[in-house]
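In what follows, a structure is listed as structure tokens, so that the remarks can point back to it.
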Amino acid sequence: MAASVHTDVFIVGGGPAGLATAIAARLQGLRVSLADCRRPPIDKSCGEGLMPHGMKALQGLGVAIEPRDGVPFRGIRFVDHELSAQADFPRECGYGIRRTTLHRLLMDRAQEVGVEMLWGARVQYGEPGTLCVDGEPVRGRWIVGADGQNSGVRKWAGMCAKFEGAPRYGFRRHYRLAPWSEHVEVHWNSRSEVYVTPTGENDVCVAVLTRNPRLRIVEALKGFPAIASRLAQAAPTSREMGGACVSRSLEGVSRGNVLLVGDASCTVDAITGDGLSLAMEQAVSMAEALAKDDAEQYAKEHRRIVRLPMMMSRVMLMLAERRWMRRRAITRLSNHPGIFARLVATHVGEFGAAKLTFRGLPAFVQNFLKMRMERPALSAGELDSSQVES
């Protein structure tokens with residue numbers, strides 16, 4: 001297909017963020033073209049969980065997820081060896097769905113609403129304001145970068161990203177096995193975290209996050225005997241995929257008529273499980289702003305959308321890297337399930353962060369803050385990387 005040279009919104013990147021933005025913009029009555037150098041199906045290593053707020057945004061786009069597409073999950077469960085704590089979402093469920101299935105559903109909906117999709121297209125960046133697709137100049141009111149954490153659009157527009165911390169590495173594989181939990185499970189040890197997400201009646205997604213780029217799933221599971229035992233007789237149903245992930249933030253997500261969405265605009269460490277949900281929310285907010293020709297409205301909404309996930313990412317990373325703190329936190333969350341439920345509700349947007357902070361600060365939070373200053377002595381068997389850092 002030849003590129004549309006005249007359009008309202010031209011989107012670079014055909015992953016979930018780009019497709020969701022395209023659908024949302026079409027629903028606002030805008031003409032939309034989307035280009036990606038890849039061809040479907042497009043896959044990526046991720047935990048494949050959509051939080052309730054992401055599901056709400058997806059439903060607002062008219063994307064219907066059928067029972068055959070994936071499975072709901074009720075909440076989150078933290079596990080560190082013999083310690084565990086879990087909490088349910090307050091109202092709606094999250095959803096485990098394979099990345100390729102979600103991509104197909106978004107593509108179908110984009111075609112249905114009239115998005116022009118240019119797959120296998122080569123995007124070329126010229127002088128500021130000059131963009132070509134397969135040699136054809138693009139003249140759009142708005143250019144949207146939805147091209148991932150190493151965004152070419154972001155570099156072309158001169159928007160710089162600020163890195164937060166050293167990179168981490170994620171690896172993902174699926175197994176043919178009936179899910180054993182109605183929760184997304186987060187398991188910790190000193191080297192990595194393992195996330196188990198139900199993605200079908202007989203399908204689970206296992207993802208590993210680590211600082212070690214050479215650690216692979218089979219080796220990582222040796223440190224998680226309970227999971228390894230469950231998977232011992234389960235056949236893998238996908239190849240192992242991996243990639244680097246790092247938290248990035250930008251001073252701004254728009255410059256002139258160029259805007260960024262999804263990982264191109266901000267990357268939250270995968271430890272929060274919020275990547276897909278953030279992209280869905282940002283897509284809806286961007287489309288509403290573009291319909292009003294108001295990029296600043298999107299910039300404000302973007303700051304609001306990512307503020308809490310960025311904070312949660314820092315807290316979760318702190319727990320991941322300090323075993324003594326993590327184990328004490330899980331113990332207290334287990335002993336105070338109401339507090340854990342409130343934290344989960346805040347994380348998915350059902351309970352405002354301001355209310356959590358100011359409506360009679362819970363004793364758990366007070367104790368947790370105090371615990372950071374009163375670190376207990378560890379036995380020789382509990383030495384971890386945080387001691388070396390100290």
Side-chain angles (χ1 to χ4, degrees), residues 9 11 13-28 30 32 34 36 40-44 46-76 89-115 117 144 146 148 182 184 197-200 203 205 260-266 268 270 272-291 298 301-302 304-306 308-309 344-345 347-350:
V9 183
I11 301 171
L19 286 167
T21 303
I23 295 165
R26 280 296 298 145
L27 294 177
Q28 291 289 338
L30 301 170
V32 183
L34 175 150
D36 198 301
I42 294 176
D43 201 0
K44 178 185 176 183
C46 69
E48 301 190 322
L50 270 167
M51 295 295 189
H53 51 300
M55 283 296 297
K56 182 178 179 181
L58 198 63
Q59 291 162 0
L61 297 176
V63 178
I65 297 181
E66 303 294 337
R68 66 177 180 274
D69 297 323
V71 292
F73 56 86
R74 294 171 47 193
I76 307 295
F89 302 127
R91 284 193 284 269
E92 304 297 330
C93 287
Y95 219 85
I97 180 171
R98 282 211 182 191
R99 178 77 170 224
T100 48
T101 301
L102 177 62
H103 194 263
R104 173 180 56 79
L105 294 174
L106 287 165
M107 276 202 314
D108 291 347
R109 179 58 174 158
Q111 183 174 14
E112 181 181 310
V113 299
V115 174
M117 291 175 282
V144 175
E182 294 182 299
V184 169
T197 305
T199 48
D203 194 65
C205 172
L260 304 174
V261 69
D263 284 350
S265 69
C266 167
V268 176
T272 66
D274 247 342
L276 286 172
S277 297
L278 285 177
M280 299 299 112
E281 288 190 289
Q282 292 166 12
V284 173
S285 294
M286 178 183 286
E288 292 173 351
L290 295 186
Y298 172 64
E301 279 296 295
H302 188 278
R304 179 191 63 79
I305 290 169
V306 304
L308 182 59
V344 168
H347 183 62
V348 300
E350 296 286 347

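Bear in mind the structure is a predicted one, so any value in this text is a computation, not a measurement.
- When side chains are defined from C-beta on, Arg99 counts as touching Pro16, because their heavy atoms get closer than 4.5 Å.
- Counting heavy atoms from C-beta outward, Asp203 and Cys205 have side chains that stay 4.5 Å or more apart.
- Residues Tyr298 and Leu260 approach most closely at OH-O, 2.7 Å, considering heavy atoms.
- Minimum heavy-atom separation, Phe73 to Leu50: CZ-O, 3.6 Å.
- Taking every heavy atom of both residues into account, Pro41 and Thr100 meet most closely at CB-CG2, 4.4 Å.
- When side chains are defined from C-beta on, Ser265 does not count as touching Leu278, because their heavy atoms never get closer than 4.5 Å.
- Taking each heavy atom of Ser285 and Ile305 in turn, the nearest pair found is OG-CD1, 3.5 Å.
- A heavy-atom distance below 4.5 Å is not found between the side chains of Arg91 and Val348.
- Checking each of Ile11, Val32, Leu19, Val9 against Val115 for a side-chain contact (heavy atoms from CB on, under 4.5 Å) leaves exactly one that passes, namely Val32.
- Interatomic distance, CD1 of Ile42 versus CG of Leu102, reported as 12.0 Å (0.5 Å rounding).
- Between Met117 atom CE and Leu106 atom CG the span is 10.5 Å, to the nearest 0.5 Å.
- Counted within 6.0 Å of CD on Gln111, heavy atoms from surrounding residues, nucleotides or ligands total 12 or fewer; the atom is thus considered open.
- Taking each heavy atom of Ala24 and Ala283 in turn, the nearest pair found is CB-O, 3.7 Å.
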N/O donor to acceptor pairs below 3.5 angstrom from side-chain atoms of residues 51-71, sequence neighbours left out:
{"from": "His53", "atom 1": "NE2", "to": "Asp274", "atom 2": "OD1", "distance (Å)": "3.1"}
{"from": "Asp69", "atom 1": "OD2", "to": "Glu66", "atom 2": "N", "distance (Å)": "2.7"}

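- Arg26 contributes a side-chain N or O that, together with a main-chain N or O of Leu30, makes up a donor-acceptor pair within less than 3.5 Å.
- Every residue was checked against the side chain to side chain donor-acceptor pair (under 3.5 Å) condition with Thr21, not counting sequence neighbours, and none meets it.
- Distance alone, capped at 3.5 Å, is enough to place a donor-acceptor pair between the His103 side chain and the Gly14 backbone.
- Residues Gln282 and Val306 form a side-chain contact, since some pair of their non-hydrogen atoms from C-beta on lies under 4.5 Å apart.
- Within a 6.0 Å sphere centred on CD of Glu288, other residues, nucleotides and ligands contribute more than 12 heavy atoms.
- Pairing each heavy atom of Ala17 with each of Ala279, the nearest pair is CB-CB, 3.9 Å.
- The number of heavy-atom neighbours closer than 6.0 Å to CD of Glu182, taken from other residues, nucleotides and ligands shown, is 12 or below.
- Proximity of Met286 to Val144: side-chain heavy atoms (C-beta onward) are separated by under 4.5 Å at one or more points.
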Inset, instruction - Check the pair Leu105 / Ile97 against side-chain contact (heavy atoms from CB on, under 4.5 Å), numbers first and verdict last. - result: CA-CA 11 Å; Leu105 294 174; Ile97 180 171; 3.9 Å; yes
